Amino acid sequence: MKRLGILTAGGDTPALNATIHGAVTRANQLKVEIFGLIKGFNCLFNPRVPHVHLNPLYQEIPELDPTKGGTLIGSSRDFVDPEKKDDLDLVASRLKQLGIEGLICIGGDGTLNGLQPLAERLPVVLAPKTIDNDLGLNYPSEPDEWVRVNDPTAKSGQRYKRAASSAVFDLDHIVNYATPGYATAVFVSAQGVDRIRTTAESHRRIAIIEVMGRHSGYIALGTAYGRPDIILIPEHPLDLEHLVQRVKHLYDLQKNVVIVCGEGIVDEQGRELGAETKTTDPSGNIVLSGAAEALRTKLIQMIGDKYFQLYRRGDSAKEAIFTRKVGHTQRGGRPILFDRFYAAQLGAEAVNLLVEGRNNAVSVLQYSTARGFHVEGYDANRFRDRWGLIHARSMHPALYDPKLMKPSRLGMDYLMPIFTDAIGNDDAEHMRQTLFAPGNLAQPYHSINTDVHKRIRYMQEVA
Ligand code: F6P
């Protein structure tokens, strides 16, 4: 292969530039050109196909900085609808016209779902990314456990449900152990938890901190490093009575409580607390806003003002219980070492897969006690259920202790290989040197977009 295309699709993560950097470095070694496609699939719906040559003369352009968060080629939630054959043909013909012989999509489960029809038109591979850490399998046979049941309330009249599992869960058998972006999101969120604690302590308050992750509790689980008292994850329906009991016990003891909740937490009926008003993004994902607020309302009702007045710790429950969202800060900024290092390897592996003639494949990050972390190629089809659908990975229930509302022993074993050495010395030093640099006050921010814009080239439209 002489020329590859690369694009970043879906919500950004801090490690996208690192993945692109890994891909470009490998391509330089193999003397392969890489064109960055601007704003994900959006670029391919544009007849002018805006793109940037990332390695002219097999040298990376200086704007490609693996330590910088976001993506220099931009991202969007546009996606290729597998039903729209004409759109797919158009996308393939535009890539061909650009001389692109293989495509690397840096994306999550949504992007992987769209890979198959595209892979029938040209070689395509996926390099994974998502802060939600929901791209992967708890064990290789997991896709076979999905069954389809009739549901008149569902749009299609059917919904997917998990049948009982016969597999033994073992950390060594996880497919794609962790996804670039996840470690940095946990780093930011755990720091947030740590910081909220002292203010909750000082003012005798109950803090509810909401983290992202959609329907997956991995980010919430990882915030255990910030030592919250309680972690609530979407995979375990909320037991309000148990929660209130635990909150009161902790509040009596220490006069403050810090609760972390994943944005996708559900009540005992399986209803999402944060999606009481349902909206969806362009790819059809439910937009979750306000799980922490909904939980606060419930705690205010159930604990009541008197409880706080009795101890002279506030006039009302409303005053004592507050919420904060970590929000998009967990998706931005410099990626920590773990993310940078493995994102780059996954990007390089994606190039290897295409050059070796693999199509419809994914570069995955595997872990085993014996070998540690290593990257491999994995056929995308093995992520698909019987009907060809890819489901977001749920956190395995064995990683969580619902009684303590914290990671289980196995959950801790899962987290430690990722996080023990996740922060590099250079990460700490970078903060020390750059945050309060005097130049920050005098000089305006210089956006990467300004420089990359000068490099964007357009394709001639074919009549
Ligand atoms: O999938 C990544 C993610 O950050 C989710 O955790 C979150 O629900 C969603 O994207 C937010 O999307 P947006 O940036 O479009 O608001």
Side-chain angles (χ1 to χ4, degrees), residues 7-19 39-42 69-71 74-79 105-114 126-136 176 178-190 192-193 208-223 231-235 260-266 271-295 323-336 339 343 362 383 390-395:
L7 60 81
T8 44
D12 70 341
T13 86
L16 294 172
N17 285 329
T19 308
K39 271 182 71 187
F41 285 103
N42 185 282
T71 161
S75 189
S76 71
R77 292 205 185 270
D78 296 288
F79 70 107
C105 300
I106 308 177
D109 60 308
T111 313
L112 190 53
N113 257 322
L126 184 110
K129 67 90 212 179
T130 164
I131 61 162
D132 303 341
N133 200 25
D134 59 356
L135 175 68
N176 203 33
T179 314
Y182 170 60
T184 307
V186 167
F187 164 73
V188 175
S189 306
V193 172
I208 308 173
I209 306 170
E210 181 177 318
V211 296
M212 286 184 171
R214 292 193 196 281
H215 308 290
S216 126
Y218 282 103
I219 299 179
L221 192 83
T223 64
I231 296 174
L232 303 171
I233 60 164
E235 289 85 349
V260 167
C261 74
E263 62 181 353
I265 53 168
V266 297
R271 288 181 304 235
E272 282 144 10
L273 264 70
E276 273 159 9
T277 42
K278 271 198 179 170
T279 46
T280 50
D281 74 8
S283 338
N285 297 311
I286 293 174
V287 176
L288 299 165
S289 53
E293 271 306 318
L295 186 61
T323 64
R324 284 297 173 268
K325 278 188 185 188
V326 178
H328 285 76
T329 51
Q330 71 206 286
R331 248 180 44 194
R334 180 186 169 99
I336 58 172
D339 272 342
V362 185
F383 282 103
I390 284 151
H391 301 267
R393 172 173 64 191
S394 292
M395 204 188 79

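For the numbers below, each heavy atom of this structure counts, side chains included, while hydrogens, waters and symmetry mates do not. Both counts, for ligands and for their atoms, begin at 1 and track the order of listing. The structure displayed is predicted, hence computed values, not measured ones.
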Just which atoms of ligand 1 are under 4.0 Å from any heavy atom in [X]?
| X | value |
| --- | --- |
| Glu263 | 5 (C), 6 (O), 7 (C), 8 (O) |
| His328 | 13 (P), 14 (O), 16 (O) |
| Gly213 | 6 (O) |

Inset, instruction - Find out whether Thr19 and Lys129 are in side-chain contact, i.e. whether some heavy atom of one side chain is under 4.5 Å from a heavy atom of the other. - result: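 SC-SC contact between Thr19 and Lys129 ruled out.
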
Legend entry - Side-chain heavy atoms of Glu263 within contact of Arg214, under 4.5 Å: yes

Inset, instruction - Indicate yes or no: does an N/O atom of Met212 lie under 3.5 Å from an N/O atom of ligand 1? - result: no

Inset, instruction - Ignoring angles and geometry beyond distance, decide whether Thr130 reaches within less than 3.5 Å of ligand 1 through its nitrogen or oxygen atoms. - result: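 It does not: no N or O of Thr130 is found under 3.5 Å from an N or O of ligand 1.
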
Inset, instruction - Quick one: pull up CD1 in Ile106 and OG1 in Thr130 and give me the separation to the nearest 0.5 Å. - result: 13.5 Å

Legend entry - ligand 1 contact by Ile131, heavy-atom criterion under 4.0 angstrom: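 The answer is yes, since Ile131 has a heavy atom less than 4.0 Å from ligand 1.
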
Legend entry - Between Ser394 and Glu235: side-chain donor-acceptor atoms closer than 3.5 Å: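 The criterion, which ignores hydrogens and geometry beyond distance, is not satisfied for Glu235 and Ser394.
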
Legend entry - Among Lys129, Gln330, Arg77, closest by any non-hydrogen atom to atom 13 (P) of ligand 1: Arg77

Legend entry - Qualifying residue, where the test is side-chain hydrogen bond (donor to acceptor under 3.5 Å, both in side chains) with Arg393 and the options are Asn176, Asn133, Asp134: Asn133

Inset, instruction - Decide side chain to side chain contact (heavy atoms under 4.5 Å, CB included) for Leu126 and Leu135; before the verdict, give the C-alpha distance in whole Å, the side-chain angles of both, and the deciding distance to 0.1 Å. - result: CA-CA 11 Å; Leu126 184 110; Leu135 175 68; 3.6 Å; yes

